[in-house]
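Reading through the C-alpha cells given below for one structure.
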Amino acid sequence: MTDQDASVTTVRVGLLGCGTVGTSIANLIHRQRDEIATRTGIRLDVTRIAVRDLSVDRGIELAHPAAEVFTGDAMAVAVADDVDVVIELIGGVDLPRTLISAALDAGKPVVTGNKALLADHGAELFAKAEANRVDLLFEAAVAAGIPLMRPLRESLLGEPIRRVLGIINGTTNFILTKMTEEGASYDETLAEAQALGYAEADPTADVEGFDAGAKAAIIATIAFGVEVVADDVHHEGISTITASDIEYATRSGHVIKLIATAERVGEADEVAVRVHPTLVPLDHPLAAVRDSFNAVFIEGGAVGELMLYGRGAGGDPTASAVLGDLIDAASNLRSSSYARFGPLPRASVQAIEQLIDTCYSLTILVTDEPGVLSKVADAFGRHNVSIRSMEQEGLDDEARLIFITHQAAERDVRETLAELKALDSVRDIGSVLRVVSS
Ligand code: HSE
C-alpha cells in the first residue's frame with residue numbers, strides 16, 4: 001500500500017487465475033479505477049497476475065508492462081511484497097486452500113469466489129483470517145452478481161433469520177423455465193443449455209444439485225453463524241423431472257423450481273439445509289424468477305420478507321461482486337481494520353428424514369381397476385399422511401394418480417411410498433416433490 005499524495009492511497013492487487021472472471025475483473029478495475037479513486041480515495045493497481053499458461057493473450061488492459069505482471073508462480077503472487085490484496089479465482093480446492101492460507105498468514109486480505117473451497121473449508125479459513133486480523137471476503141462465491149453475503153453478514157446481522165429460500169443455480173432455472181414455458185422435454189432443454197454455454201458438457205454438478213448444495217452450505221453458515229459444510233446438505237436434482245410433472249404443476253397453480261432451503265428448526269438451535277425440485281405457488285415471489293436468473297428470498301424477524309434478484313453467473317456479474325469486495329478490503333486495509341467474522345461453532349444439522357412439516361406432491365402409476373384407489377389411500381392413512389387433493393388421469397389400462405398432502409413427516413411419506421411400491425396394483429412411483437410452505 002503506497003501513498004501517492006495525501007488524498008489517494010494506491011492498493012496493489014495480485015490476481016490468482018485469469019480465466020473468464022479473472023479477465024473480467026482485471027478489465028473492470030482498469031475501466032473503473034479513476035472513478036473508484038475519486039469516490040474512495042483508493043487507486044487499485046493490478047501488479048501481479050498468476051496464470052497457468054503464459055503464452056495466452058488474455059486481452060487485458062494493464063497499467064504495467066505485461067511481462068512484469070504475468071507469472072506462472074501463483075505462490076509468489078500470494079505472498080509478494082508488491083501485492084497488498086490477493087484475489088483468488090483459480091477454482092478447485094487444494095491449491096487455492098494452500099495459496100489463500102499463505103496469503104492470510106502473510107497478512108494479506110483475500111477476496112475469493114471459490115464456493116467449493118468455502119463450502120468444505122470455510123471455517124478453517126475464516127479462523128485463519130481472524131487470527132491474522134485480515135479480511136477474507138467472498139461475495140462472488142454465491143449468486144455471483146447479487147449482493148447477498150454482505151447483506152447477510154452486515155445489514156441483516158442482527159436479524160433472527162428464520163429461513164432462506166434460493167434459486168441459486170442458473171442452469172437449472174433456465175432448463176425448468178424452458179420446460180414450463182415451451183413444453184420442451186428435459187433432454188431437449190439440457191442440450192439447448194449446453195449449446196448456449198450455460199450447462200457444462202458434464203452437467204452433473206448443476207443438474208444434480210451439487211453446485212446449489214455448496215452455495216446453500218455457505219448461505220446457511222453466514223445466515224445462522226454456524227459451520228455448515230457441503231456434505232451437510234441433502235440434495236436432489238432436476239434430471240428426473242418430466243413434462244407431465246411440469247404440466248401438473250401448471251394446472252395446479254405452481255411452478256417447479258430447484259429451491260435451496262436453509263432454515264432454523266426445532267428447539268435445540270438446529271439447522272436444516274437442502275436442495276431439491278420444489279413446487280412453488282405462482283403467487284410466491286420466487287415463482288417469477290425466470291431463465292438463468294437467481295434470487296434469494298429471506299424470511300427475517302424484524303425485517304419481514306425480502307428478496308434479492310439478479311445474475312448468478314457469468315464473467316462480468318461475478319467480477320462486479322469481486323470488485324465490491326476488493327474495494328471493501330482495500331478500504332479496511334487503509335484504516336487498519338477488517339471485517340470480523342466468527343467464531344463459527346459446528347452446526348447441529350437436522351437430517352432430511354427428520355423433516356416434519358412439509359407438504360408433498362406424489363405421483364403414483366397404478367393399474368386402472370376397481371379398488372385400487374382405496375388401497376392407495378389406506379396406505380397414506382396407515383402412515384398418518386393426510387391427503388389434501390388428488391387428481392387422476394387415465395392412460396389405457398393404467399392411471400396416473402397425483403396426490404398433494406397436508407403437512408407430513410418425511411419419514412411417514414417414505415414409509416407410505418415403500419408400502420405402495422410393494423402393492424401389486426402399483427406399477428411405479430413417479431416424482432416426489434416437496435411444496436414450498438408459508
Ligand atoms: N453453474 C452455475 C449456475 C454458476 O448455473 O448457476 C456457477 O456457480
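Read the numbers this way: they start at 1 and go in the same order the structure lists the ligands and their atoms. All values below were derived from every heavy atom in this structure, side-chain atoms included, with hydrogens, water molecules and symmetry-related copies excluded.
- Each of the atoms 2 (C), 4 (C), 6 (O), 7 (C), 8 (O) of ligand 1 lies under 4.0 Å from some heavy atom of Lys215.
- Atoms of ligand 1 lying under 4.0 Å from at least one heavy atom of Asp206, given by number and element, are 1 (N), 2 (C), 3 (C), 5 (O).
- The existence of a salt bridge linking Asp316 and Arg311 is excluded, since no basic side-chain nitrogen approaches an acidic carboxylate oxygen closer than 4.0 Å.
- Taking distance alone, with nitrogen or oxygen atoms compared against 3.5 Å, Gly170 approaches ligand 1 more closely than that limit.
- Summarising the geometry of Glu236 relative to Pro277, their closest heavy-atom pair is O-CD, 3.7 Å, with the distance given to 0.1 Å.
- The distance from ligand 1 to the heavy atoms of Ala313 drops below 4.0 Å at these ligand atoms: 4 (C).
- Of all heavy-atom pairs spanning Gly92 and Leu117, the tightest one is O-CB, 4.3 Å.
- A salt bridge links Arg97 with Glu124: the distance from a Lys NZ or Arg NE/NH1/NH2 to an Asp or Glu carboxylate oxygen falls below 4.0 Å.
- Between Phe126 and Phe341, the two ring planes are perpendicular [angle over 60°; tilted spans 30° to 60°].
- At a heavy-atom cutoff of 4.0 Å, ligand 1 is contacted by the side chain of Lys115 but not by its backbone.
- Contacts between Asp211 and ligand 1 below 4.0 angstrom, taking non-hydrogen atoms only, involve the side chain exclusively.
- Each side chain to side chain donor-acceptor pair (under 3.5 Å) pair with one or both residues in residues 278-291, not counting sequence neighbours, appears once here: Glu181-Arg290, His276-Thr278.
- Regarding atom 5 (O) of ligand 1, its nearest protein heavy-atom neighbour is Thr171 OG1, 2.6 Å.
- Heavy atoms of Glu200 stay at 4.0 angstrom or farther from ligand 1.
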